[in-house]
Amino acid sequence: MTRTTNYITFEFLSRSANEGFARGAVACFAAQLDPTLEELGDIKTAVSEAVTNAIVHAYPDTLGKIVVKAKILEGNILEVTVRDWGKGIADVEQARKPLYTTGGEERSGMGFTIMESFMDKLTVRSAEGKGTRVTMRRRILPRPASK
Amino acid sequence: MEMNYRAENRQLTISLAGELDHHAARGLMESIDRCIEQNLPVKTILDMGGLTFMDSSGIAVVLRARRRMEALAGSLVVVNIPRQAARVLETAGLGRYVNLI
């Protein structure tokens, strides 16, 4: 078990207007790891994808609760968990395939592919009717100039 | 999210600024559709130079604009793509379908 040295948790309603807040809050928290702009961009993108999935797919016809937890783990690792209590994913393996989407023309089906590419590790746990938990980890490379 | 456009000699230039996410994408798609329908361009240039953030919602926006231009037998070019947005488009392999400059 890797030791957690710091964390934040926040909860919000599954309105799309909150997408910017969620990725911005995680990026602000991650800033203490002294990431490069590119690393920060990757984290914001991955969080945006996970939160958008929850808004679009977990609660398609209703509004529900989304909880985001960001942790700093020993070894300069950021861990982000996005949790919802929505309808769940029937087939996680299929949902993770590139271009697979049930979200219509405004979704590209690339959300999980981007989370996987931009983060070091992605875990998806889901149960139909109970919700989904997406956990992502990214190690921020220590920079020579930073202490 | 801000969108501005300029139409000249059946060439349409659409400039985007701000954050392009799922929240912004639906309205943006409708605005781009309207803009293309009104101007009936032969070529559309999507200028991403002002974007400060883009997630995979941007992929859907680009693909839809490309479909609209194909229906008019026209072309779509995406220019001035910031680094973060370029990483998203590259991950999706969009360069195979759209001219990204």
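Lettering follows sequence order; numbering is per chain, from 1.
- Using a 4.5 Å heavy-atom cut-off against chain B, no residue of residues 66-87 of chain A qualifies as contacting.
- Below 4.5 Å, heavy atoms of chain B meet heavy atoms from A:Glu19, A:Gly20, A:Arg23, all part of residues 19-31 of chain A.
- For the residue pair A:Thr132/A:Ser126, the side-chain donor-acceptor check at 3.5 Å is satisfied.
- Criterion: ILVMFWY side-chain heavy atoms under 4.5 Å apart, direct or through other members. Under it, B:Ile101 and B:Ile45 are part of a common hydrophobic cluster.
- Residues of residues 1-10 of chain B never come within less than 4.5 angstrom of chain A, heavy atom to heavy atom.
- For the atom pair CZ (A:Arg137) and NZ (A:Lys121), the distance works out to 5.0 Å, reported to the nearest 0.5 Å.
- Contact check for B:Ile14 versus B:Thr44: side-chain heavy atoms found under the 4.5 Å cut-off.
- Counting heavy atoms from C-beta outward, A:Ile89 and A:His57 have side chains that stay 4.5 Å or more apart.
- The hydrophobic cluster containing A:Leu33 also contains A:Ile8, counting ILVMFWY residues as joined when their side-chain heavy atoms lie under 4.5 angstrom apart, directly or transitively.
- Looking at A:Ile55, the atoms closer than 4.5 Å to chain B (heavy atoms on both sides) all sit in the side chain, from C-beta outward.
- At a 4.5 Å heavy-atom cutoff, the contact between A:Asp42 and chain B is made by side-chain atoms alone.
- For residues 83-92 of chain B, a heavy-atom distance under 4.5 Å to chain A picks out B:Arg83, B:Gln84, B:Arg87, B:Val88, B:Thr91, B:Ala92, given by residue number.
- In summary, the side chains of B:His23 and A:Ser16 do present a donor paired with an acceptor at a separation below 3.5 Å, with no hydrogens or angles considered.
- Here B:Glu70 pairs with B:Arg66 in a salt bridge; the nearest charged N to carboxylate O distance falls below 4.0 Å.
- Heavy-atom distances place the side chain of A:Thr52, and not its backbone, under 4.5 Å from chain B.
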